[in-house]
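What follows is one structure encoded as structure tokens, with my remarks underneath.
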Amino acid sequence: IKYLAEDLGFNDLHLANFISRMIDDKDSVAQLTPHEAWKITEALTAMLRRNTGINFKSLKEVRDYFFTKDGTINGKQTCQV
């Protein structure tokens, strides 16, 4: 979830606000149930789909899209997926 949020340009505060709007009384990834985490992941993936115009079929495709040959994502982070 955090990698998807970073790909969208969210910082920790933006992600916390997004989670609190989607899920009542929760504002961090650690508080989410598996089902709630799935809902957040689907929402973030849909946002990526709209921003990039690419219909990702899996999180692996999202990773591969943003993963560069030098081992970074968007030129700044090491890929840990």
Side-chain angles (χ1 to χ4, degrees):
I1 290 175
K2 289 187 178 188
Y3 289 121
L4 287 171
E6 287 175 4
D7 291 342
L8 288 164
F10 286 21
N11 62 26
D12 290 339
L13 181 60
H14 289 117
L15 180 59
N17 288 335
F18 180 76
I19 290 171
S20 69
R21 278 182 278 154
M22 294 282 297
I23 310 293
D24 292 332
D25 300 326
K26 296 185 181 179
D27 61 359
S28 75
V29 175
Q31 296 173 329
L32 300 175
T33 66
H35 182 70
E36 291 168 340
W38 175 82
K39 288 172 66 175
I40 297 294
T41 301
E42 288 296 312
L44 293 173
T45 305
M47 291 171 72
L48 266 177
R49 190 177 311 122
R50 284 191 301 273
N51 287 350
T52 62
I54 298 172
N55 190 10
F56 299 107
K57 295 178 184 172
S58 67
L59 290 177
K60 182 182 181 309
E61 288 185 7
V62 173
R63 181 203 61 200
D64 292 345
Y65 179 79
F66 287 98
F67 184 70
T68 60
K69 291 182 182 178
D70 64 357
T72 62
I73 298 175
N74 292 335
K76 62 182 174 184
Q77 285 187 322
T78 302
C79 182
Q80 298 178 5
V81 177

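Since the model is a prediction, treat every value here as computed from it, not as a measurement. Numbering starts at 1 and runs along the sequence shown.
Hydrophobic clustering (side-chain heavy atoms under 4.5 Å, transitive across Ile, Leu, Val, Met, Phe, Trp, Tyr) groups Val29 together with Met22.
At a cut-off of 3.5 Å, with distance as the only test, no side-chain donor of His14 or Asn17 sits close to an acceptor on the other residue.
One distance of note links CE of Met47 with CZ of Phe18; it measures 5.5 Å at 0.5 Å rounding. Expressed to the nearest 0.5 Å, how far CG of Asp12 lies from NZ of Lys2 amounts to 6.0 Å. Expressed to the nearest 0.5 Å, how far CG of Leu15 lies from CG of Asp27 amounts to 9.5 Å.
Below 30°, between 30° and 60°, or above 60°: for His35 and Trp38 the angle between ring planes is below 30°, a parallel geometry.
In this structure, Lys39 places its NZ atom where only 12 or fewer heavy-atom neighbours from other residues, nucleotides or ligands lie under 6.0 Å away. Within 6.0 Å of CG in Asn51 there are more than 12 heavy atoms belonging to other residues, nucleotides or ligands.
With sequence neighbours left out, the side-chain contact (heavy atoms from CB on, under 4.5 Å) criterion links Ser28 to Ala30, Gln31.
The shortest side-chain heavy-atom distance between Leu44 and Asp7 does not fall under the 4.5 Å cut-off.
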Apply side chain to side chain contact (heavy atoms under 4.5 Å, CB included) to residues Ile40 and Leu4 and explain how you reach the verdict. CA-CA 10 Å; Ile40 297 294; Leu4 287 171; over 6 Å; no
Trace of the side chain to side chain contact (heavy atoms under 4.5 Å, CB included) decision for Glu36 with Thr41: CA-CA 9 Å; Glu36 291 168 340; Thr41 301; over 6 Å; no
